[in-house]
Amino acid sequence: MSTVRLFFALWPAPSLAATLAAWAEQARPSCGGRVMRTETLHLTLAFLGPVDAALADELAAATPERRLAPEDMTLDRYGVFGRQRILWAGPGDTPSGLQAAHDELWQWLSGFGLAAPPQPFRPHVTLLRNIEHASPPADAPAPLAWRYDRMVLVASESQSGGSRYRIVAQSRPQGA
Ligand code: 2AM
């Protein structure tokens, strides 16, 4: 049976993504690594991994009925996942609204037989991959406000040179 690799994410507006790309450029001289393409920058809420195509269709059909409470979040720090050799941007502490959105999403997904990973949620936007040094600039750029009101369901498709992301559905903003 064919499978689709899926994840739910917050997707930044183009202006916010452009500012995050500047964060990546600022960190690259000290970290090395590969800059993510601006139009692919995102914050993963839930990584589902490969799911059966039929379930993928079901999730895509159900996603527009989901609601995400609109919240303001501030990205104000760089972070490093050493083992994965990732440099990321994120909020200092996980905002309670975002944690609740993550928990509710996994609660809903559990009804489809999907289980959350055991690790705690660490919201982040991956900026650089394959970094050579875990040494981001000491000072992050000016804090970045992100007001989100929806999540997107993304299919990650392998292609030569990496993954291609395709948005297959999105939740409807509250009141829409
Ligand atoms: P990352 O940027 O920290 O690698 C698509 O791969 C998205 O799902 C990325 O944002 C990735 O986070 C996230 N993700 C979370 N868990 C993952 C896993 N086990 N394998 C691949 N991607 C994962």
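First listed ligand is number 1; within each ligand, the first listed atom is number 1. On a predicted model such as this, the values are computed, not experimentally measured, just so you know. For reference, positions follow the sequence shown, starting with 1. In what follows, every heavy atom counts, from backbone to side chain, and hydrogens, waters and symmetry copies are set aside.
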**Report entry** Protein residue, atom and distance nearest to atom 11 (C) of ligand 1, heavy-atom basis
**Finding:** Thr44 OG1, 4.2 Å

Query raised in the report: With under 30° as parallel and over 60° as perpendicular, where do the rings of Trp11 and His42 fit, or are they tilted in between?
Result: parallel

**Report entry** atom 3 (O) of ligand 1 - nearest protein heavy atom and its distance
**Finding:** His124 NE2, 2.6 Å

Requested in this report: Indicate yes or no for a side-chain donor-acceptor contact from Asp76 to the backbone of Ala142 under 3.5 Å, with no hydrogens or angles considered.
Outcome: no

Requested in this report: Would you indicate whether Asp72, at its atom CG, is surrounded by more than 12 heavy atoms from other residues, nucleotides or ligands within a distance under 6.0 Å?
Outcome: yes

Query - Closest candidate by heavy atom, reference atom 21 (C) of ligand 1, pool Phe47, Phe7, Phe81 - result: Phe47

Requested in this report: Check the side chains of Asp103 and Gln99 for a donor-acceptor pair under 3.5 angstrom, ignoring hydrogens and angles.
Outcome: yes

Query raised in the report: Which ligand 1 atoms are under 4.0 Å away from a heavy-atom of His42?
Result: 7 (C), 9 (C), 10 (O)

Query raised in the report: Tyr165 near ligand 1, heavy-atom distance under 4.0 Å?
Result: yes

Query - Location of contacts on Arg129 toward ligand 1, heavy atoms closer than 4.0 Å - result: side chain

Query raised in the report: Heavy-atom count around Gln159 CD within 6.0 Å, excluding the residue itself: above 12?
Result: yes

Query raised in the report: Do you see a donor-acceptor pair shorter than 3.5 Å between the side chains of Arg150 and Gln170?
Result: yes

Requested in this report: Indicate yes or no: at least one non-hydrogen side-chain atom of Leu128 is less than 4.5 angstrom from one of Trp88.
Outcome: no

Requested in this report: Heavy-atom distances under 4.0 Å are what count here, so tell me which part of Arg5 touches ligand 1: side chain, backbone, both or neither.
Outcome: side chain

Requested in this report: Indicate, as side chain, backbone, both or neither, the part of Ile86 found under 4.0 angstrom from ligand 1 when only non-hydrogen atoms are considered.
Outcome: side chain

Requested in this report: May I ask whether Gln84 has any heavy atom positioned less than 4.0 angstrom from an atom of ligand 1?
Outcome: no

Query - Closest protein heavy atom to atom 2 (O) of ligand 1, given as residue, atom name and distance to 0.1 Å - result: Thr126 OG1, 2.5 Å

